[in-house]
Chemist: 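Take a look at this one; I'll ask things after.
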Amino acid sequence: MTAIRLKNAEDLAHMRHAGQLLADVFRMLEDRVRAGVTTLALNDLVTDYIRDTLQARPASIGQYGYPFALNASLNDEVCHGMPAADRVLHDGDILNLDITLEKNGFIADASRMYQVGEVSPEAQRLVEETRNAMWAGIKAVRPGARLGDIGHAIEQHARTCGYSVVRDYCGHGIGRQMHEAPEVLHVGQPGTGLLLKPGMVFTIEPMINQGSARLRHRRVGHWDIALTHDRQLSAQWEHTVAVTEQGVAVLTQHDDDRHRLA
């Protein structure tokens, strides 16, 4: 089993800085995700903003040979949607943008949902309850808890809402490398799994489907885009979090999330 890389105070300060820079990217995108815009245009905007304005590195470019700064997953795309010049946003779409950023040798990873124009009440509910499911998992993080507590909290919230949790993908440790130990499942049994200790840093990133948790895949070049098997909608939210002596720190926290742990 790969060893967990515990972060010290200096590491965490760098990771918090990277996380807040990434939160700034999402703030910048707020009024730019709209009907008529292409996902490739959003990718190019993010690439330039990270490099030129934030003086940081878009960490996804070159990761496993991936050519873009973000994943753009639209409607029934669960994850790994690729930006393209012909992927035009339309009124009623829901869009997940998954972005990574490296600063001073440390990587932050987050994603969030955007609603394009007027979306259906069903889509709006899925987006909001997926966010709530992520926060249920985050609130389970503290020293002495276990990874199963996180997955259980997420799964219980999703099931209560009538949704399913994708099991094919999970969160992950992060630091100087994009993917470190441990794997963070979004389903689980309370009191089981790895014991959480201060200094652990990982992502929590549940993918929640309206219908079945089963997936299908579409091949684009060397890459597989994951989609819902039944073509119903999917949503995802993600934060990078750290286990602290006091509980949990959300390193990529947005301004509109400040009340969530109060």
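Here the structure is a predicted model, which is why all the values come from computation and not from measurement.
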Chemist: Is any side-chain heavy atom of R260 closer than 4.5 Å to a side-chain heavy atom of R131?
Modeler: yes
Chemist: side-chain contact (heavy atoms from CB on, under 4.5 Å) with A84: which residues, sequence neighbours excluded?
Modeler: D86, R87
Chemist: Taking everything shown except R216 itself, do over 12 heavy atoms lie less than 6.0 Å from its CZ?
Modeler: yes
Chemist: What pairs meet the side-chain hydrogen bond (donor to acceptor under 3.5 Å, both in side chains) rule with one or both residues in residues 188-204, with sequence neighbours excluded?
Modeler: T203-E205
Chemist: Could you give the distance from CD1 (I50) to CG (L21), rounded to the nearest 0.5 Å?
Modeler: 9.0 Å
Chemist: Taking only residues at least two apart or on different chains, which pairs with a member in residues 36-53 satisfy salt bridge (charged side-chain N to carboxylate O under 4.0 Å, His left out)?
Modeler: none
Chemist: Looking at V201 and A242, what are the two nearest heavy atoms and their distance?
Modeler: CG2-CB, 3.9 Å
Chemist: Strictly by ring pair (Phe, Tyr, Trp, His ring centres under 6.0 Å), give each pair with a member in residues 15-59 just once, sequence neighbours left out.
Modeler: F26-H254
Chemist: When you look at L194 and M200, which way does the side-chain contact (heavy atoms from CB on, under 4.5 Å) test go after all the steps?
Modeler: CA-CA 11 Å; L194 182 73; M200 290 181 176; 3.9 Å; yes
Chemist: Side-chain heavy atoms nearer than 4.5 Å, only ILVMFWY residues, links allowed to pass through others: does that put V187 and I138 together?
Modeler: yes
Chemist: Quick one: CG on L95 to CG on L74, what's the gap to the nearest 0.5 Å?
Modeler: 5.5 Å
Chemist: In terms of hydrophobic clusters joined by side-chain contacts under 4.5 Å, are W237 and V116 together?
Modeler: no
Chemist: N132 and M134: side-chain contact (heavy atoms from CB on, under 4.5 Å), yes or no, with the steps?
Modeler: CA-CA 5 Å; N132 290 337; M134 176 193 66; over 6 Å; no
Chemist: With a 6.0 Å cut-off (strictly less than), is the heavy-atom count around CZ of R16, excluding the residue itself, greater than 12?
Modeler: no
Chemist: With sequence neighbours left out, write down each residue that passes side-chain hydrogen bond (donor to acceptor under 3.5 Å, both in side chains) with H179, or none if nothing qualifies.
Modeler: Y64
Chemist: According to the side-chain hydrogen bond (donor to acceptor under 3.5 Å, both in side chains) rule, which pairs have a member within residues 156-167, sequence neighbours left out?
Modeler: R125-Y163, E129-H157, E155-R159, E155-R167
Chemist: Indicate the atoms forming the closest heavy-atom contact of I225 with M82, along with that distance.
Modeler: CD1-N, 4.0 Å
Chemist: For R146 and L195, which heavy atoms make the closest approach, and how far apart are they?
Modeler: NH1-N, 3.6 Å
Chemist: Please walk me through it: do V241 and I204 pass side-chain contact (heavy atoms from CB on, under 4.5 Å)?
Modeler: CA-CA 7 Å; V241 306; I204 296 177; 4.2 Å; yes
Chemist: Please determine which of N43, L42, T47, L70 meets the side chain to side chain contact (heavy atoms under 4.5 Å, CB included) test together with I99.
Modeler: L70
Chemist: Distance only, no hydrogens: is a donor on one side chain within 3.5 Å (strictly under) of an acceptor on the other, for H239 and T252?
Modeler: yes
Chemist: Sequence neighbours excluded, which residues qualify as side-chain contact (heavy atoms from CB on, under 4.5 Å) partners of A226?
Modeler: V78, C79, Y169, L215, H217
Chemist: Quick one: side-chain contact (heavy atoms from CB on, under 4.5 Å) partners of P198, sequence neighbours excluded?
Modeler: P143, E245
Chemist: Do V141 and V165 share a hydrophobic cluster (ILVMFWY, side-chain heavy atoms under 4.5 Å, transitive)?
Modeler: yes
Chemist: Cluster partners of I61, using ILVMFWY side-chain heavy atoms under 4.5 angstrom, listed by chain and number?
Modeler: none
Chemist: Considering non-hydrogen atoms only, spot the tightest contact between T130 and P206 and give its length.
Modeler: CG2-O, 4.0 Å
Chemist: Which residue pairs pass the salt bridge (charged side-chain N to carboxylate O under 4.0 Å, His left out) test with at least one member in residues 90-100, sequence neighbours excluded?
Modeler: none
Chemist: Within the structure provided, determine whether P182 and L147 are in side-chain contact (heavy-atom separation under 4.5 Å).
Modeler: yes
Chemist: How long is the gap from CZ on R34 to CG on L29, to the nearest 0.5 Å?
Modeler: 11.0 Å
Chemist: Provide the full list of side-chain hydrogen bond (donor to acceptor under 3.5 Å, both in side chains) pairs with a residue in residues 100-114, sequence neighbours left out, each pair given once.
Modeler: E30-R112, R57-E102, S60-T100, N96-S111, D109-H172
Chemist: Is the closest basic N to carboxylate O distance between D76 and R231 below 4.0 Å?
Modeler: no
Chemist: Any donor-acceptor pair under 3.5 Å linking the side chain of N209 with the backbone of G211?
Modeler: no
Chemist: Mind checking whether L101 and I107 have side chains closer than 4.5 Å, heavy atoms only?
Modeler: no
Chemist: Calculate, to the nearest 0.5 Å, the distance between atoms CG and OG1 belonging to L97 and T39 respectively.
Modeler: 8.5 Å
Chemist: Is a salt bridge present between R27 and D24, judged by a nitrogen-to-oxygen distance below 4.0 Å?
Modeler: yes
Chemist: Decide side-chain contact (heavy atoms from CB on, under 4.5 Å) for L6 and D11; before the verdict, give the C-alpha distance in whole Å, the side-chain angles of both, and the deciding distance to 0.1 Å.
Modeler: CA-CA 9 Å; L6 298 180; D11 297 337; over 6 Å; no
Chemist: Look at the side-chain heavy atoms of Ile, Leu, Val, Met, Phe, Trp and Tyr, link any pair under 4.5 Å apart, and say whether F106 and V250 land in one connected group.
Modeler: no
Chemist: When clusters are formed by joining ILVMFWY residues with side-chain heavy atoms under 4.5 Å apart, either directly or through shared neighbours, do I208 and L185 land in the same one?
Modeler: no
Chemist: Search all heavy atoms of D149 against all heavy atoms of P190 and return the closest pair with its distance.
Modeler: OD1-CA, 3.1 Å
Chemist: Quick check for you: to the nearest 0.5 Å, what is the distance between M15 atom CE and L251 atom CG?
Modeler: 6.0 Å
Chemist: Might you point out which heavy atoms bring G81 and S73 nearest each other, and give the distance in Å?
Modeler: N-OG, 3.1 Å
Chemist: Show me the pairs that pass salt bridge (charged side-chain N to carboxylate O under 4.0 Å, His left out) and involve residues 168-185, at least two apart or across chains.
Modeler: R5-E180, K7-E180
Chemist: Find the distance between CG (L196) and OG1 (T244) and round it off to the nearest 0.5 Å.
Modeler: 11.0 Å
